[in-house]
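Just so it is clear, the structure is predicted and the values come from calculations on it, not from any experiment.
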Amino acid sequence: MLPVARNALVRASRQSATAALGYRAASTHAISNPTLANIEKRWEVMPMQEQAELWMALRDRMKGSWTELTLQEKKAAYWIAFGPHGPRALPPPGENKKVALYTFIGLGVSFVVFATMRSFAQPAPRSMTKEWQEATNEYMKEQKADPLTGIASEGYSGKGFVQSRSGNP
């Protein structure tokens, strides 16, 4: 027999053996009620290994007929799958207040930094005065800058380079 065929045959036999074993294990006995009792309160404090074992046992039971599951098993399986634990846990009380407080603190600090920087800033450059910008408009018209659509075009009605109010920026 070729080695490739032998390897494929060995893999196929392993898969079918584990599948049959898994199906037989799925229809074993019910999980005891004390194990499932009050699972909602005990789940978070259970060790990870115990959580995994319980979930695997429930999963194996669910592989069979669901009519064979007890009410406790159905409730536990639903709660473990969809209950408010782990990433679906409810936020602790007062978390919204903390988020709002830290947001306002961040805004206050950023305002103080902005105001401090603004108070030490240099005055606006002289090219930001309205007179300077009007003179720039005239210079651009003389130079025929952007003659198709810009300030030197026929019938131009825009403001050109003027962006400041009178005298002061």
Side-chain angles (χ1 to χ4, degrees), residues 1-122 124-125 128 146 148-150 153 157-165 169:
M1 185 183 285
L2 292 171
V4 174
R6 185 175 51 86
N7 288 341
L9 186 61
V10 168
R11 268 189 252 127
S13 65
R14 282 185 193 156
Q15 289 174 350
S16 64
T18 56
L21 180 63
Y23 185 72
R24 275 186 269 133
S27 61
T28 57
H29 57 79
I31 300 172
S32 66
N33 281 342
T35 305
L36 299 175
N38 212 5
I39 193 72
E40 298 87 7
K41 293 181 182 170
R42 292 184 308 120
W43 184 258
E44 290 289 327
V45 295
M46 286 173 69
M48 292 293 281
Q49 181 67 28
E50 194 174 335
Q51 286 179 355
E53 288 172 3
L54 180 58
W55 176 243
M56 293 301 159
L58 280 170
R59 190 191 65 180
D60 290 342
R61 288 279 295 152
M62 289 188 293
K63 285 182 183 176
S65 174
W66 279 48
T67 57
E68 296 175 8
L69 291 175
T70 66
L71 184 61
Q72 283 287 95
E73 288 173 330
K74 290 177 185 176
K75 285 181 179 179
Y78 181 82
W79 193 86
I80 291 170
F82 302 109
H85 57 84
R88 291 180 303 274
L90 299 173
E95 184 173 6
N96 291 338
K97 291 178 184 176
K98 281 177 33 179
V99 168
L101 175 69
Y102 290 136
T103 301
F104 289 127
I105 288 172
L107 286 172
V109 168
S110 63
F111 177 75
V112 167
V113 168
F114 172 77
T116 303
M117 290 178 68
R118 185 83 174 173
S119 67
F120 289 109
Q122 298 290 324
M128 289 300 293
D146 198 5
L148 299 177
T149 59
S153 66
S157 61
K159 295 190 304 185
F161 290 93
V162 177
Q163 60 183 349
S164 298
R165 293 185 212 115

Test of understanding: with side-chain contact (heavy atoms from CB on, under 4.5 Å), list the residues that count as partners of Thr116, not counting sequence neighbours.
Val112, Phe120

The side chain to side chain donor-acceptor pair (under 3.5 Å) partners of Glu50 (sequence neighbours excluded) come to none

Could you work out, with side chain to side chain donor-acceptor pair (under 3.5 Å) as the rule, every residue matching Gln163, not counting sequence neighbours?
none

Filter on salt bridge (Lys or Arg N to Asp or Glu O under 4.0 Å), then keep only pairs touching residues 70-79, sequence neighbours left out; what's left?
Arg61-Glu73

Taking all atoms of both residues into account, what is the closest heavy-atom pair of Ala77 and Trp55, and its distance?
O-CZ3, 3.9 Å

Which distance, rounded to the nearest 0.5 Å, do you find between the CG of Asp60 and the CG of Leu58?
9.0 Å

Residue set satisfying ring-ring contact (aromatic ring centres under 6.0 Å, His included) with Tyr102, at least two apart, ordered chain then number -> none

In chain order, what residues pass the side-chain contact (heavy atoms from CB on, under 4.5 Å) check against Thr67, with sequence neighbours excluded?
Ser65

Does Ser157 have any side chain to side chain donor-acceptor pair (under 3.5 Å) partners at least two apart in sequence or in another chain, and if so, which?
none

Determine the minimum heavy-atom distance between Leu69 and Met62, stating which atoms define it.
CD1-CG, 3.8 Å

Set of residues satisfying side chain to side chain donor-acceptor pair (under 3.5 Å) with respect to Ser119, sequence neighbours excluded:
none

Name the atoms and distances for all side-chain donor-acceptor pairs under 3.5 Å in residues 94-101, with sequence neighbours left out.
none

Inspect the surroundings of CZ in Arg88 and state if more than 12 heavy atoms from other residues, nucleotides or ligands are less than 6.0 Å away.
yes

Donor-acceptor list for residues 36-48 side chains, cut-off 3.5 Å, not counting sequence neighbours:
{"unit_1": "Arg42", "atom_1": "NE", "unit_2": "Ala37", "atom_2": "O", "d": "3.1"}
{"unit_1": "Arg42", "atom_1": "NH2", "unit_2": "Thr35", "atom_2": "O", "d": "2.3"}
{"unit_1": "Arg42", "atom_1": "NH2", "unit_2": "Ala37", "atom_2": "O", "d": "3.3"}
{"unit_1": "Glu44", "atom_1": "OE2", "unit_2": "Gly86", "atom_2": "N", "d": "3.4"}

